[in-house]
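Notes follow once the structure below has been shown.
Only heavy atoms go into these numbers, but all of them, side chains included; no hydrogens, no water, no symmetry mates.
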Amino acid sequence: MSQIRAHAISYEVDGQVFEGQLVYDPNVEDPRPGLLMAPNWFGITESAIQTARQVAEERRVVLVADLYGAGVRPADAHEAGAAMAPLKEDRELLRRRMLAALQALREQHAVRVDPQRQAAFGFCFGGTCALELARAGADLKAFVSFHGALDTPDPAAARRIKGAVLVLDGAADPLVPREQLPAFAAEMSAAGVDWQLLSYGGAVHSFTDPDAKRPGVAEYNARVARRAFAAMDALLDEVFT
């Protein structure tokens, strides 16, 4: 993984400059699948880039989306909450930012991305972002949410979803209300979406994040993380074939 490169990609949304991180192996010349990654509520961090490196390897290109704008990098939970709140309240704004990041991935010239093999995934708040990108009608093969909230103010928008949807949920997650699961299932089924929801017993919020250390609330679970990433890999292999 030492050859994996990460560098900034700038783009604009509503006149504001954003700066994502493009992650890829520069030694591979053939077109590769392109993935848009929405990080957790802290936005672009070294930890987020490391996760992108692990997902990319030599097989894929990953753009870590900038959710808040260039230079807006929350230092603590208070700042993260303040940066996230406007996007949770205004899902159209959230969708515009995700769509702009997707366009930046498609228009960058640093590495060749296969236009027929593209998907999005995200973690915690980023999982919500990935699902809202799906509801925005983005033309992608798959959308994957890791321990993200499933609610939306616009469930009818599920009819716009064009790719497969995979939700990876901690069954003991106290930060994603359990009533969201049947509501999400009903939303997806009513829209005829190809969807899956995997709920992992004993897992709480942030089960893929090695830095999550709030027992019973947000806590890393290595076994569940392996299973969840394997589930995403299996879906991507399927939809990209």
Side-chain angles (χ1 to χ4, degrees), residues 1-12 17-40 42-68 70 73 97-124 126-127 129-130 133-134 138-148 163-164 166 168 206-211 220 222 224-241:
M1 198 182 304
S2 60
Q3 299 182 28
I4 304 298
R5 177 179 298 173
H7 68 80
I9 293 288
S10 294
Y11 55 97
E12 290 191 9
V17 177
F18 288 72
E19 191 174 87
Q21 286 285 326
L22 190 69
V23 180
Y24 62 99
D25 184 340
N27 297 310
V28 179
E29 297 182 359
D30 293 336
R32 280 160 285 172
L35 305 183
L36 180 64
M37 172 181 151
N40 66 23
F42 279 99
I44 295 179
T45 62
E46 286 303 319
S47 178
I49 294 171
Q50 179 62 20
T51 297
R53 289 176 183 272
Q54 294 169 350
V55 171
E57 298 181 321
E58 74 283 353
R59 299 178 297 160
R60 304 165 179 149
V61 177
V62 177
L63 177 63
V64 185
D66 182 1
L67 303 174
Y68 304 140
R73 301 293 184 259
R97 291 188 181 182
M98 287 294 291
L99 286 166
L102 176 59
Q103 194 66 20
L105 171 63
R106 290 171 168 170
E107 293 180 351
Q108 56 77 33
H109 300 293
V111 61
R112 297 172 68 191
V113 173
D114 187 338
Q116 302 303 317
R117 295 184 293 165
Q118 298 180 0
F121 67 105
F123 303 89
C124 301
C129 294
L133 180 63
D139 190 7
L140 296 173
K141 296 295 187 182
F143 304 86
V144 182
S145 170
F146 291 82
H147 39 78
L166 172 62
L168 302 161
S206 301
F207 57 76
T208 63
D209 185 355
D211 296 325
Y220 179 59
V224 171
R226 285 194 301 271
R227 291 175 176 176
F229 279 111
M232 180 175 77
D233 286 343
L235 176 62
L236 295 182
D237 287 345
E238 175 187 331
V239 298
F240 288 162
T241 300

Can you name the nearest heavy-atom pair linking A225 to F207, along with the distance? CB-O, 3.8 Å
Does T51 form a side-chain contact (heavy atoms from CB on, under 4.5 Å) with T208? I'd like the steps, not just the answer. CA-CA 9 Å; T51 297; T208 63; over 6 Å; no
Please work out whether the ring planes of H147 and F123 are parallel, tilted or perpendicular, with thresholds of 30° and 60°. tilted
Exactly one of D25, D233, D30, D114 should register a salt bridge (Lys or Arg N to Asp or Glu O under 4.0 Å) with R60. Which one does? D233
Distance check, rounded to the nearest 0.5 Å: Q54 atom CD versus I4 atom CD1? 10.5 Å
When rounded to the nearest 0.5 angstrom, what is the spacing between CG in L166 and CG in L235? 5.5 Å
Nearest non-hydrogen partners of Q21 and I49, listed with the distance: CG-CD1, 3.8 Å
How close do L67 and P39 get, counting heavy atoms only, and between which atoms? CD1-O, 3.8 Å
Determine whether V64 and R53 satisfy the following criterion, side-chain contact (heavy atoms from CB on, under 4.5 Å), listing intermediate values before the conclusion. CA-CA 10 Å; V64 185; R53 289 176 183 272; over 6 Å; no
Heavy-atom check, side chain of L35 versus side chain of L236, under 4.5 Å: yes
Could you go through the side-chain contact (heavy atoms from CB on, under 4.5 Å) check for M232 and V55 one step at a time? CA-CA 10 Å; M232 180 175 77; V55 171; 4.1 Å; yes
Taking it one step at a time, do Q108 and H7 satisfy side-chain contact (heavy atoms from CB on, under 4.5 Å)? CA-CA 12 Å; Q108 56 77 33; H7 68 80; over 6 Å; no
Do the two ring centres, one from F229 and one from F146, sit under 6.0 Å apart? yes
Find out whether T45 and N40 are in side-chain contact, i.e. whether some heavy atom of one side chain is under 4.5 Å from a heavy atom of the other. no
Inter-residue atom distance L63.CG - Q118.CD, 0.5 Å rounding: 11.0 Å
Rounded to the nearest 0.5 Å, what separation is found between the CG atom of D66 and the CZ atom of R73? 4.0 Å
Please report the shortest heavy-atom distance between D139 and R106, naming the atom on each side. O-NH2, 2.8 Å
Nearest 0.5 Å please: distance from the CD atom of E58 over to the CG atom of N27. 10.5 Å
Calculate, to the nearest 0.5 Å, the distance between atoms CZ and CG belonging to R97 and L133 respectively. 14.5 Å
Residue pair R32 / E57, side-chain heavy-atom distance below 4.5 Å: no
What's the shortest heavy-atom distance between Q116 and K141, and which atoms? O-CE, 3.1 Å
Minimum heavy-atom distance between Y24 and A110, given as atom pair plus value: OH-CB, 3.8 Å
